[in-house]
Amino acid sequence: MLKSNFNSDLKKEQKLAVLLDTYYKKHFNFYNFKRVYNLKEQLSGIDLVLTHKSSKKQFLVDEKAQLDYINEDLPTFAFELSYFKNNIEKKGWLFDTSKKTDFYSLITSIYSDEPHKYTSCKITFVNRKKLLLFLNNLELNESSLYKYCLENNSKHGKIKHPKLNHRREGYLFISSKNKAEKPINLILRLDFLIAKGIAKQLV
């Protein structure tokens, strides 16, 4: 039986938050940031609230971390289209209209050079509205992507899409063999998103 990593991921996320806060303090000089611990708000796609110090304008941030790939530097990130819970298929977070997210904070290249501690990582901020608009302009919306997966009838693995260069831009991936949730993900290269003006890396 495939095992869900939800509880272990939660502990890792709590440990990772300590490192992330040091990055946010360094890079967001004009913003105050507050972590969100309310479960209802977290489920609505809010892990962090950034508030501009002068205008008081707020931005809602959803943190997504590659916790399955510690001490690895991956050039891509998985955007969730759908998954299974209790044998019922659920909508993934990318196209979920109930999410209030303004930005995704994508945490990659997470290194743990000391025991029980994360020591470094990369953070890429993705403008959610720009991302969805970009995908929609390519006719890569929720229904078309899901339909494409069904038509290609892939049980597990990589699915190339004609609208994306699978080496330089992205592709679809179904994880039916190694994850209990059997997610369908849109895999996008981070440098591609940055080049398109959809994302910025905190450096």
Side-chain angles (χ1 to χ4, degrees), residues 1-16 39-47 61-101 103-110 121 124 126 128 131-132 134-136 138-190 192-193 198-199:
M1 180 181 289
L2 295 175
K3 185 179 178 182
S4 174
N5 295 325
F6 180 78
N7 289 328
S8 62
D9 278 359
L10 197 60
K11 292 177 182 177
K12 290 177 184 177
E13 285 170 6
Q14 290 167 349
K15 187 168 67 170
L16 181 62
L39 182 58
K40 185 178 179 181
E41 289 189 48
Q42 287 179 335
L43 291 174
S44 69
I46 310 169
D47 291 312
V61 180
D62 190 0
E63 293 177 325
K64 303 290 184 186
Q66 286 182 342
L67 289 165
D68 290 341
Y69 304 97
I70 303 301
N71 297 326
E72 294 185 53
D73 186 8
L74 300 184
T76 58
F77 207 93
F79 294 80
E80 187 183 68
L81 303 180
S82 69
Y83 67 99
F84 279 86
K85 184 177 182 180
N86 300 324
N87 293 318
I88 298 172
E89 193 166 21
K90 303 279 189 178
K91 185 191 293 282
W93 46 263
L94 178 59
F95 291 110
D96 189 344
T97 55
S98 71
K99 304 296 186 189
K100 299 177 181 177
T101 309
F103 289 88
Y104 297 117
S105 177
L106 306 183
I107 301 105
T108 60
S109 305
I110 304 167
C121 66
T124 305
V126 175
R128 186 186 185 214
L131 174 61
L132 294 179
F134 174 76
L135 293 174
N136 191 60
L138 287 177
E139 297 179 346
L140 298 177
N141 53 42
E142 181 180 15
S143 59
S144 70
L145 287 170
Y146 192 76
K147 182 182 177 184
Y148 190 81
C149 286
L150 292 178
E151 287 174 348
N152 282 269
N153 198 30
S154 177
K155 302 295 183 185
H156 176 85
K158 180 178 179 178
I159 304 173
K160 299 176 187 177
H161 196 287
K163 297 279 187 176
L164 294 168
N165 182 297
H166 69 100
R167 290 191 180 91
R168 297 193 303 271
E169 299 173 351
Y171 52 87
L172 292 158
F173 199 95
I174 300 178
S175 301
S176 58
K177 292 182 179 178
N178 59 337
K179 291 185 181 291
E181 295 86 0
K182 300 179 182 179
I184 298 176
N185 290 314
L186 176 62
I187 310 296
L188 296 173
R189 286 189 63 94
L190 295 173
F192 169 61
L193 295 177
I198 297 166

Checklist outcome for this item: Scanning both residues in full, the closest heavy-atom pair of L81 with F95 reads CD2-CE1, 3.5 Å
The criterion is side chain to side chain contact (heavy atoms under 4.5 Å, CB included); which residues satisfy it with [X], sequence neighbours excluded?
X	answer
A199	T124, V126, L193, I194
K147	E151
L43	L39

Checklist entry - Given K64 and I107, is the side-chain contact (heavy atoms from CB on, under 4.5 Å) satisfied, shown in steps? => result CA-CA 6 Å; K64 303 290 184 186; I107 301 105; 5.8 Å; no
Checklist entry - In chain order, what residues pass the ring-ring contact (aromatic ring centres under 6.0 Å, His included) check against F192, with sequence neighbours excluded? => result F134
List for me each residue that meets salt bridge (charged side-chain N to carboxylate O under 4.0 Å, His left out) alongside [X], sequence neighbours excluded, and say none if there are none.
X	answer
K99	none
K91	E142
R189	D191
D47	none

Item to check | Step-by-step side-chain contact (heavy atoms from CB on, under 4.5 Å) determination, L135 to L145 | outcome: CA-CA 10 Å; L135 293 174; L145 287 170; 5.7 Å; no
Checklist entry - Is there a donor-acceptor pair under 3.5 Å between the side chain of N152 and the backbone N or O of Y148? => result yes
Item to check | Donor-acceptor pair, side chain of S105 and main chain of D62, under 3.5 angstrom | outcome: no
Next on the checklist: Strictly by side chain to side chain donor-acceptor pair (under 3.5 Å), give each pair with a member in residues 163-173 just once, sequence neighbours left out.
Outcome noted: K158-H166
Checklist entry - Which pairs count as side chain to side chain donor-acceptor pair (under 3.5 Å) when at least one residue sits in residues 72-88, sequence neighbours excluded? => result D73-S109, D73-K122, S82-E89
Next on the checklist: To the closest 0.5 Å, what do you measure between CD1 (I184) and CG (L150)?
Outcome noted: 7.0 Å
Next on the checklist: Among residues at least two apart in sequence or on other chains, which ones pass side chain to side chain donor-acceptor pair (under 3.5 Å) with T108?
Outcome noted: none
Checklist outcome for this item: Sequence neighbours excluded, the answer for side chain to side chain donor-acceptor pair (under 3.5 Å) partners of S144 is N141
